[in-house]
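Below, each value reflects all heavy atoms present in this structure, side chains not excepted, and no hydrogens, waters or symmetry copies. Each ligand, and each atom within it, is numbered from 1 in the order the structure gives. Note that the numbering runs from 1 along the sequence shown for the chain.
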Amino acid sequence: MHTTHHIGTVSVTRVTEQCGPGFAPDVLFPDWDPAMLAAHRDLMIPDCYNVAEGRFIASIHSWVIRTRHHTILVDSCAGNHKNRPALPRFHQLDTPFLARLAEAGVRPEEVDFVLCTHLHVDHVGWNTRLHDGRWVPTFPNATYVFSRAERDQWMGPAGRDGFNAGVFADSVLPVIEAGQTRFVEDLGSIGDAVQFHPTPGHSVGHTAIELNVGDAVGLFSGDIMHQPLQVMRPDWNSRFCEDAERARASRRWLLDNASERRATVFTSHFAASSAGKVTRTAAGFRWTFL
Ligand SMILES: [Zn+2]
């Protein structure tokens, strides 16, 4: 369940909330072409594509970064007991996520920072938990960090209607009201190892997160990509990408940056190990799981 990687002296561990069949390809990708699956069967089957159901397999997990000084959570999954009637995969969950976090050696009070790449339903859920009928911060000593543009977007009408309805109210507003938030604009940073990069497109204030330790680089890609096939087809947006051209530009930035710097890419939704390397090929880019 827990896989750990190292970026220099810093460990990065995946803690999974759920992993299973998600969208059918032509639902997730408006530009879907089945020839891509045929060309990359070894990469996709069986871990990332369920042939019997004809659906991609998607993981929803957090990454725990442990530096010498800090314990940092990147993205916080869908959370328990959240009311998401339009989204069955996230509706009224009761997963042992906190027990899994404990198995990975992390108690909630030990988390120093929670970084959210963006404020969609599957990235902020464990920001809060239900306590005596109220939503309270799950991580009482953490500073929650995300982009100001995301906050501005979801505190408005977009946070009350549509696919992300209610998420701001139960999973973001309580941590703001608790005085536990810090907003980043453009290139924000945490200490000397962690940096935010604006990568808009999937959402208006989406950020990638970079981890630098000595010469080693980790890149947390958030929802810049949902499936490995997008490494070979960076022009493919998901149906949830709000701004098609900016989403493509952010994806190309990530792939260029990851390949040139030989970064380990920590994805938000790839199944298998969820982490890998991007290498440049004559035709574009290739993905290799670590
Ligand atoms: Zn997502």
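- For the pair R286 (side chain) and T279 (backbone), a donor-acceptor distance under 3.5 Å is absent.
- Ring geometry, W126 versus F97: the interplanar angle falls under 30°, so the pair is classed parallel (tilted spans 30 to 60°).
- With hydrogens and angles disregarded, no donor-acceptor distance shorter than 3.5 Å links the side chain of H118 to the backbone of D223.
- Using a cut-off of 2.8 Å, one finds that H226 contributes no N/O/S atom close to the Zn ion (ligand 1).
- For the pairing with H120, the ring pair (Phe, Tyr, Trp, His ring centres under 6.0 Å) check across W154, F90, F240 returns one residue only, W154.
- Closest approach between the Zn ion (ligand 1) and any N/O/S atom of D122 involves OD2.
- Look at D223 and the Zn ion (ligand 1): an N/O/S atom of the residue is under 2.8 Å from the metal.
- Among the backbone and side-chain atoms of H118, no N/O/S atom is found under 2.8 Å from the Zn ion (ligand 1).
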